[in-house]
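Everything quoted here is computed from the prediction, not taken from an experiment. Each chain gets a letter, A, B and so on, in the order the sequences are listed, and its residues count up from 1. Below, all heavy atoms of this structure are taken into account, side chains as well, without hydrogens, waters or symmetry copies.
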Number of protein chains: 2
Amino acid sequence: MKSEEETLGLVGDHFRRARLSMGMTQGQVADLAGISRPRYRDIETGAAAARTTTLINIARALGLEMMLVPQVMVPAIEALLRPESEDDQPAFSPQPESDDDSRPYR
Amino acid sequence: MKSEEETLGLVGDHFRRARLSMGMTQGQVADLAGISRPRYRDIETGAAAARTTTLINIARALGLEMMLVPQVMVPAIEALLRPESEDDQPAFSPQPESDDDSRPYR
DNA sequence: GCAAAATGATATGTTTGCAGATCAACTCCA
DNA sequence: TGGAGTTGATCTGCAAACATATCATTTTGC
């Protein structure tokens, strides 16, 4: 099962790749998202879990959108995103391991 | 521009619709997500902004996944989600208003 | 090689998400 | 009618996400 830290790491990695592909600095993203640079750094490195509003602000600063989609639709959405070329960042896809349950990790 | 409270309200409404369509109580979702019922209630009513990990836990308890997708792909994804029938909850689609910028609201 | 920029990291203080407990209001059904 | 279940709401206390400031380290460009 994926730990909490691993999940935050995935989100952070996603943000980092998006930021670098946009040619932006941590400070620029932090400013656009309305948070401090140390805070954004913690989020990007997976050391801290941003609030929902902060998560959305960061995503939008990076040209992304946070979506809540039915789990059964995830593969179709990823298929829609994947072939789109090689330079756009892949969507945050949490578990390739499609086991049954989703008990909270703590 | 969409305020912070409005955005949290959209997320909460999305969770509420998903919960009711699953025939679950607030307490059941809270248990699966690993948080207390008062906390889940605040999140569902938009009174509180959950952390990223809590957001993901709640989504999975409701059969949903949190995804970060390029903004330009949002319409295509919504089109993929929409015609799917009438009983599955629509994805969280933040702005029908497609204005340019995404400055943080506070 | 050197200066500037970007990043990593730490410290103090404030805000707020969180647990746990408790109570009231409302619905529903036997 | 009346009890059980669901939801709304408040309180105390703790943990962690925030700001701001300040350092060192690494990277970048001239």
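- When rounded to the nearest whole Å, the span between CG of A/Asp31 and C1' of C/dA5 equals 15 Å.
- Of all heavy-atom pairs spanning A/Leu64 and B/Gln71, the tightest one is O-NE2, 3.3 Å.
- Each end of the helix from C/dG1-D/dC30 to C/dA30-D/dT1 gets its own rotation axis from five pairs of C1' atoms, and the angle between them is 50° to the nearest 10 degrees.
- Backbone-only contact: A/Thr54 has heavy atoms under 4.0 Å from sugar-phosphate atoms and none from a base.
- From A/Tyr40, atom OH reaches atom CG of A/Asp31 across 12.0 Å, with rounding to the nearest 0.5 Å.
- Listed for the B/Thr54 side chain is no donor-acceptor partner under 3.5 Å among the backbone atoms of B/Ala50.
- With contacts defined as side-chain heavy-atom distances shorter than 4.5 Å, the pair A/Glu78/B/Met67 qualifies.
- Along DNA chain D, the nucleotide closest to B/Arg51 and the one closest to B/Met24 are compared, and the more 5′ of them pairs with B/Met24.
- In this structure, CD of B/Glu4 is placed 17 Å from P of D/dA17, rounded to the nearest angstrom.
- Rounded to whole angstrom, the span from the CD1 atom of B/Ile35 across to the P atom of C/dA19 amounts to 6 Å.
- Put simply, A/Gln26 has a side-chain N or O that comes within less than 4.0 Å of OP1 or OP2 on C/dG8.
- Counting any heavy atom pair closer than 4.0 Å across all strands shown, A/Ser36 reaches a base atom.
- Of the two residues near DNA chain C, B/Ala48 and A/Leu20, the one whose nearest nucleotide lies more 5' is A/Leu20.
- Contact between the side-chain N/O atoms of A/Arg16 and the OP1/OP2 oxygens of C/dG8 is found at a separation under 4.0 Å.
- Checked against salt bridge (Lys or Arg N to Asp or Glu O under 4.0 Å), B/Arg16 has the following partners two or more places apart in sequence or in another chain: B/Glu44.
- Phosphate contact (OP1/OP2 of D/dT10, side-chain N/O of B/Arg39, threshold under 4.0 Å): absent.
- The base of D/dG8 is paired with the side chain of B/Arg37 by a donor and an acceptor separated by under 3.5 Å.
- Protein atom CD1 of B/Ile43 is 9 Å distant from nucleotide atom P of C/dG17, rounded to whole Å.
- For the OP1/OP2 pair of D/dA9 and a distance below 4.0 Å, the side-chain nitrogens and oxygens of B/Arg41 include at least one atom meeting the criterion.
- Under 4.0 angstrom from either OP1 or OP2 of D/dT6 there lies no side-chain N or O belonging to B/Gln28.
- The distance from atom CD of B/Glu44 to atom C1' of D/dT6 is 12 Å, rounded to the nearest whole Å.
- Atom-to-atom, OH of B/Tyr40 to P of C/dC18 comes out at 13 Å; the value is rounded to the nearest Å.
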Next item on the list: Tell me, with the steps shown, if A/Ile77 and B/Leu81 meet side-chain contact (heavy atoms from CB on, under 4.5 Å).
Entry: CA-CA 9 Å; A/Ile77 295 172; B/Leu81 259 25; 4.1 Å; yes
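- Residues B/Met24 and B/Leu32 are in side-chain contact: their nearest non-hydrogen atoms beyond the backbone lie under 4.5 Å apart.
- In this entry the distance linking CZ of A/Arg19 with C1' of C/dA6 reads 9 Å, nearest Å.
- Atoms CG (B/Asn57) and C1' (C/dC18) sit 13 Å apart, rounded to a whole Å.
- A/Glu4 has its side chain within reach of B/Asn57: a pair of non-hydrogen atoms, C-beta onward, lies under 4.5 Å apart.
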